[in-house]
Amino acid sequence: DAGVTQSPTHLIKTRGQQVTLRCSPKSGHDTVSWYQQALGQGPQFIFQYYEEEERQRGNFPDRFSGHQFPNYSSELNVNALLLGDSALYLCASRGGLAGGLSYNEQFFGPGTRLTVL
Amino acid sequence: QKEVEQNSGPLSVPEGAIASLNCTYSDRVSQSFFWYRQYSGKSPELIMSIYSNGDKEDGRFTAQLNKASQYVSLLIRDSQPSDSATYLCAVNANAGKSTFGDGTTLTVKP
């Protein structure tokens with residue numbers, strides 16, 4: 001049973017550049033959420049995709065955008081990178097046949113470590 | 001006030017002891033509560049979920065929920081050095097979005 005996968009593992013960019021991160025959900029899952037985790041903090045919710053649409057969004061500027069494809073995989077795009085965007089970016093998936101509140105259980109991928117210089 | 005607050009660490013316990021991790025949340029409509037374990041340099045791993053008041057046990061882990069007090073806790077019995085990690089409390093008020101605390105770092109000393 002394939003878990004959540006993310007690519008790339010690490011990425012180094014400079015200020016002002018653009019970056020695209022990729023995520024494939026756990027087999028059988030249809031909902032993907034993205035989180036940003038700064039050092040020493042908990043993950044912060046960026047947005048969630050379901051049925052190829054953004055369903056919820058956290059308190060992030062519109063420099064952060066995303067996409068979900070028909071196969072449920074997802075991309076996170078960040079434009080005009082700032083030093084403060086340096087963080088671990090986590091993708092989490094949920095869904096499938098889980099019933100009731102168990103549907104909310106999310107499983108994380110290994111993350112992409114983004115460094116902005 | 002943060003939406004999800006965890007007891008500030010770090011927490012250090014000797015091997016074999018009980019580790020107690022606490023979490024409070026502010027949104028009264030929260031329905032789902034999770035504990036994640038995160039090793040240094042790794043991503044969070046779901047270890048416990050709880051949805052109703054009371055205790056839920058899974059091996060050496062026990063999650064406790066008290067919605068009236070807006071409080072959730074995690075007990076780790078017979079702590080092992082391999083339990084040394086940061087433990088994140090997460091709360092869902094509506095489908096999908098999880099709000100996380102900043103975590104409590106646990107060290108289990110042999």
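Throughout, a chain's letter reflects where its sequence line sits, starting with A, and its residues are numbered from 1.
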Side-chain (K56(B)) to main-chain (F61(B)) donor-acceptor, under 3.5 angstrom = no
message = At a 4.5 Å cut-off on heavy atoms, which part of Q37(A) comes close to chain B: side chain, backbone, both, or neither?
response = side chain
inquiry  = I'd like to know which of P110(A), A92(A), G111(A) tops the heavy-atom pair count under 4.5 Å against chain B.
reply    = P110(A)
remark   = Checked P44(B), G41(B), A90(B) vs chain A; the most non-hydrogen pairs under 4.5 Å come from P44(B)
message = Quick one about R77(B) and T62(B) (side-chain donor to acceptor, distance below 3.5 Å, no hydrogens or angles considered), yes or no?
response = yes
ask   = If we ignore angles and hydrogens, is there a donor and acceptor under 3.5 Å between the side chains of N92(B) and S98(B)?
value = yes
ask   = Taking atom OH of Y72(A) as the centre, does the number of heavy atoms from other residues, nucleotides or ligands within less than 6.0 Å exceed 12?
value = no
request  = Against chain A, work out which of T86(B), D102(B), V4(B) has the most heavy-atom pairs shorter than 4.5 Å and name it.
outcome  = D102(B)
remark   = Applying a strict 4.5 Å limit to non-hydrogen atoms, the region of Q38(B) in contact with chain A is side chain
key: Side chain Q68(A), main chain E52(A), donor-acceptor under 3.5 Å   = yes
